[in-house]
Amino acid sequence: MTSIQFIQNQLQLPVSGIKGIEATLQLLSEDCTIPFIARYRKDKTGNLDEVAIEAIAKLNKQYNEILKRKESVLNSIEEQGQLSPDLKAKIENSFDLQEIEDLYLPYKKRKKTKADVARENGLEPLAKIIMSQNTEDVEYLASKYLTAIVTNEDEALQGARDIIAEWVNENLYVRKNLRRMFQRSGIITTKVAKGEEAEENAQKYVQYFDWSEPISKAPSHRLLAMLRAEAEGCLKLSLSIEKAEAIDFIQQAIIKRNNETRIQLELAIKDSYKRLLEPAISNETLQEAKLKADTKAIAVFSENLRQLLLAPPLGEKRVLAIDPGYRTGCKVVCLDEQGDLLYNETIYPHAPQNETTMAMKKIKSMVNAYQIEAISIGNGTASRETEFFIKKIAFDKPIQVFVVSEAGASVYSASKIAREEFPNYDVTVRGSVSIGRRLCDPLAELVKIDPKSIGVGQYQHDVDQTKLKEELDNTVIRCVNAVGININTASKSLLSYVSGIGEKIAENIVKFRTENGPFEDRNQLKKVPRLGDKAFQQAAAFVRIKDGKNPLDNSAVHPESYQVVTQMAKDLGINISELIANKSKIAQLKPENYINETTGVLGIKDIIKELEKPGLDPRKAVKVFEFDPNVKTIQNLRSGMILPGIVNNITAFGCFVDIGIKESGLVHISQLKEGYVADVNEVVKMHQHVQVKVVEVDEARKRIQLTMLL
C-alpha cells in the first residue's frame with residue numbers, strides 16, 4: 001500500500017481526491033507551509049483547506065512511522081531466525097500497528113516467563129500434543145516427560161499449561177475479539193484508595209468514590225478526571241468485562257474436542273485470561289480510550305484558543321491600561337497606537353489608602369496628556385471596583401472602558417520576551433502593558449504567552465503534551481496567517497508564526513527593521529539575513545506594509561501574482577491604485593482570462609476577491625460590555641437572578657461564563673438551549689455576550705450553576 005492509498009483510505013476520500021493528496025505531499029516535500037498551500041496552491045490541491053492539508057501531513061507521518069516499525073519488527077524476527085515467508089507477508093501487508101505488534105508478540109524480547117521455564121524443561125512437545133486434542137490418556141502422556149526437575153505428572157501438566165496459556169495469549173483471533181469485547185462492553189470502575197491521607201485528598205473526586213459506567217459511554221472529561229484521580233493516588237481504577245463470557249468465547253475458539261485434553265485446556269485458558277490477556281487488553285483499551293479523550297480535549301482547547309486569538313481587536317488606538325489592586329495599588333500605563341509604552345504610574349483609589357480624589361485627577365491628567373482613546377482594565381482582583389471608579393470620572397471627551405481578561409499576563413510579565421521588550425521596568429508595569437495591548441490586538445499579544453497559561457481548555461496537563469503543543473502551535477499559525485501581520489510593527493513572537501519565517505528569521509527581521517527603518521516594500525525582505533527565496537515565497541503574502549511603495553503590499557495578493565494584477569489594470573485602462581476597491585471595474589474582470597502556470601481559476605478568483613477589500617481583517621469589531629453593577633462578589637448572587645455575562649471558557653460538558661466576579665459560573669451543556677446539544681460550540685463561542693440565570697450558588701465550594709434557558 002502506498003502512502004497515497006493509506007491516506008485516501010483513512011480520510012475516506014473518493015478516487016478523485018488522489019490528485020489533491022499527491023499535490024499536497026509534493027508541495028510539503030518542497031518545504032511549502034500549510035498556510036501557503038491552502039491559500040496559494042488551491043488549484044493544485046483541488047481547494048483543500050488547512051484542516052485537510054494538516055490531516056494529510058499527519059497521516060503521511062503516521063504511514064512512515066508504520067513503515068519504520070515494520071522494518072524494525074522484520075529485522076528483529078529475522079535475526080532470531082524465525083521469519084517465515086508467511087509471517088513476513090502478513091507483517092508486510094499489514095498497516096495496522098496493533099496487528100503488527102500482535103504478530104511480533106511471540107518474538108518480542110522479554111523477561112523469562114513460566115512458559116520459557118517449561119520449554120527449558122522439555123515440556124513443549126507435551127503442550128503441542130495436548131493442544132492438538134488427539135489424546136485420551138493425558139496422565140500417561142505426561143509421565144513420559146518426567147525428569148530430575150519435573151518429578152511428577154502434575155508438574156509436567158502444569159508446565160504444558162503454562163506454554164498453552166502463552167499460545168492462547170498470542171492468538172491473533174482471540175486478542176482481536178477480546179479487544180472488541182472490552183471496547184463494546186467494558187465497565188470502568190473506581191473506588192477510593194485506602195489510607196487516611198488518600199481519602200482526604202480524594203474529596204474533590206467524591207463523585208467517583210463508588211462509580212462505574214461503560215467505557216464506551218464515558219465522556220472524555222470524566223475519563224480524564226478519573227485517570228487524574230488515579231495518578232494522584234486518590235482512586236483505584238479498573239476496567240473489566242464479564243469474565244465468564246470472555247472465557248467462554250476463548251474456549252469456543254480453542255477447544256474443538258470433548259476428551260481428556262479439555263480439562264487441561266480449560267485450566268490453561270483461565271490462567272491465560274487472568275494472568276496475561278485481561279491485564280494486557282484492559283490496559284490497551286484504557287490507553288485507547290485515553291487517546292480518544294486526549295484528542296477530544298485537545299480539539300476543545302484548540303478551538304477555544306482559535307476563538308480567543310481571533311477575538312475582536314480595538315485597533316490602533318491610544319490606550320490607558322490598568323492592572324487593578326487594593327493594598328499595592330492599581331498599576332497604570334499609557335500606550336500609543338503601536339502599543340509602545342509612553343508613561344507609567346501607580347494610583348491608590350481603593351482601601352486601605354482610599355486616595356480616590358488624587359487618583360481621579362491623575363487618570364484625567366494622563367487621558368488628556370497622552371490623548372487616550374480607550375481604557376483597558378484587567379479582570380482580576382479589584383477589577384469591578386476599579387471599573388466603577390473609572391466610570392465616575394468626568395472626562396473631557398467620551399472614553400470607552402473595557403474589562404479584559406488578564407489570564408496569562410503575569411506569565412508574560414516574568415517571561416524572557418517581556419524582559420527583552422521592557423528591560424528597565426518591573427513585572428507590574430509589563431503586566432499592565434499586556435492588558436492594554438491585548439485590547440488593541442489580542443492576537444499580537446497572546447502569541448507571546450504559552451497557550452496553556454491563557455486559561456482555556458480542560459485537563460490540559462493530563463493530555464499528551466507533545467500532541468497538545470503541536471496542535472496549539474498549528475492553531476496559532478493558522479490564526480496569524482489568516483489575519484496577516486504588519487511587518488513594521490509586529491513583535492518577534494508574532495513574526496515567528498508567519499508562514500516560512502520561524503524564530504531565527506523573525507529575530508533577523510526585527511534587527512533589520514531597527515537598523516534600516518520601516519520596510520517600504522515586500523522585496524526588501526530578501527535583504528534580511530537567512531531569508532532566502534523559499535522563505536520569501538512562503539512568507540511574503542502574509543505580511544502587510546501599510547502606505548508602502550506598492551499598494552498590493554498591503555493585501556493578501558502574493559508577489560508572484562503582481563504581474564496578473566498589473567495586466568488586469570492594463571486591460572481596464574487604469575492603474576493598480578485605481579483598480580483596488582473599485583467594485584464596478586473589478587466586476588468586469590473575467591477570471592479565465594488570467595490563468596497562468598502558477599495560478600489557476602481558483603487562485604485568480606481569490607485575487608479578484610482580495611482586490612475588492614484588500615487587507616480586510618477577518619476579525620469583528622470589539623464591543624463595549626457592562627456587567628450588572630449590583631453584583632460584585634459571590635455573596636451578592638441569588639437564585640433566579642438574570643445577569644449579563646461573557647463566555648470565557650468552553651469545555652465538552654458546557655461553558656464557563658464571567659458574570660463580573662472572581663468566580664465564573666458553569667452553564668452545563670443541557671442548559672445551553674432547549675433540545676439536544678451535540679457540541680457546545682454550536683451554541684456559544686469564546687467571548688460571546690450572553691444572558692444567564694443563576695440556578696444554584698455554593699459559596700463554600702465557590703461554585704455557581706447557571707442556565708441560558710431563561
Novice: For K292 and Q287, does a side-chain donor sit closer than 3.5 Å to a side-chain acceptor?
Specialist: no
Novice: Would you kindly say whether D31 and Q538 are connected by a side-chain donor-acceptor distance under 3.5 Å?
Specialist: no
Novice: Less than 3.5 Å apart, any donor N or O on the side chain of Q400 or E373 sitting next to an acceptor on the other?
Specialist: no
Novice: For the rings on F95 and Y63, is their centre-to-centre separation under 6.0 Å?
Specialist: yes
Novice: Decide if atom CD of Q98 counts as having more than 12 heavy atoms of other residues, nucleotides or ligands within a radius under 6.0 Å.
Specialist: yes
Novice: Consider only side-chain N and O atoms of D571 and Q567, and report whether a donor and an acceptor are under 3.5 Å apart.
Specialist: yes
Novice: Please determine, by modelled atom types, if S584 and N582 share a side-chain donor-acceptor pair under 3.5 angstrom.
Specialist: yes
Novice: With a 3.5 Å cut-off and no angle check, do the side chains of D553 and Y562 form a donor-acceptor pair?
Specialist: yes
Novice: Is it true that E406 and R438 make a salt bridge, defined as a side-chain N closer than 4.0 Å to a carboxylate O?
Specialist: no
Novice: For S496 and E503, does a side-chain donor sit closer than 3.5 Å to a side-chain acceptor?
Specialist: no
Novice: Scan V447, L443, I485 and name whichever one has a side chain to side chain contact (heavy atoms under 4.5 Å, CB included) with Y497.
Specialist: V447
Novice: Does a side-chain N-to-carboxylate-O contact under 4.0 Å join K448 and E445?
Specialist: yes
Novice: Look at K527 together with E520 and state whether they make a salt bridge at an N to O cut-off of under 4.0 Å.
Specialist: no
Novice: Regarding N648 and S664, do their side chains bring together a donor and an acceptor under 3.5 Å, going by distance alone?
Specialist: yes
Novice: Are the charged groups of E507 and K504 less than 4.0 angstrom apart, N to O?
Specialist: yes
Novice: Hey, are E22 and K44 close enough for a salt bridge, meaning a charged N less than 4.0 Å from a carboxylate O?
Specialist: no
Novice: Does the distance from a Lys or Arg side-chain N to an Asp or Glu carboxylate O, for R318 and D336, drop under 4.0 Å?
Specialist: no
Novice: Taking the basic N atoms (NZ, or NE/NH1/NH2) and the acidic carboxylate oxygens, is any pair closer than 4.0 Å for K609 and E612?
Specialist: no
Novice: Please list all pairs passing the ring pair (Phe, Tyr, Trp, His ring centres under 6.0 Å) test where one or both residues lie in residues 570-603, with sequence neighbours left out.
Specialist: none
Novice: Would K58 and E470 pass as an ion pair if we require N to O under 4.0 Å?
Specialist: no
Novice: Between the side chains of D294 and K290, is the shortest nitrogen-to-carboxylate-oxygen separation below 4.0 Å, so that they form an ion pair?
Specialist: yes
Novice: Hydrogens and angles aside, do S302 and T475 bring a side-chain donor and acceptor to less than 3.5 Å of each other?
Specialist: yes
Novice: Can you establish whether the number of heavy atoms outside K673 located under 6.0 Å from its atom NZ is more than 12?
Specialist: no
Novice: Counting only heavy atoms not in Q12 (residues, nucleotides, ligands), do more than 12 fall under 6.0 Å from its CD?
Specialist: no
Novice: F542 pairs by ring-ring contact (aromatic ring centres under 6.0 Å, His included) with which of F36, Y40, F536?
Specialist: Y40
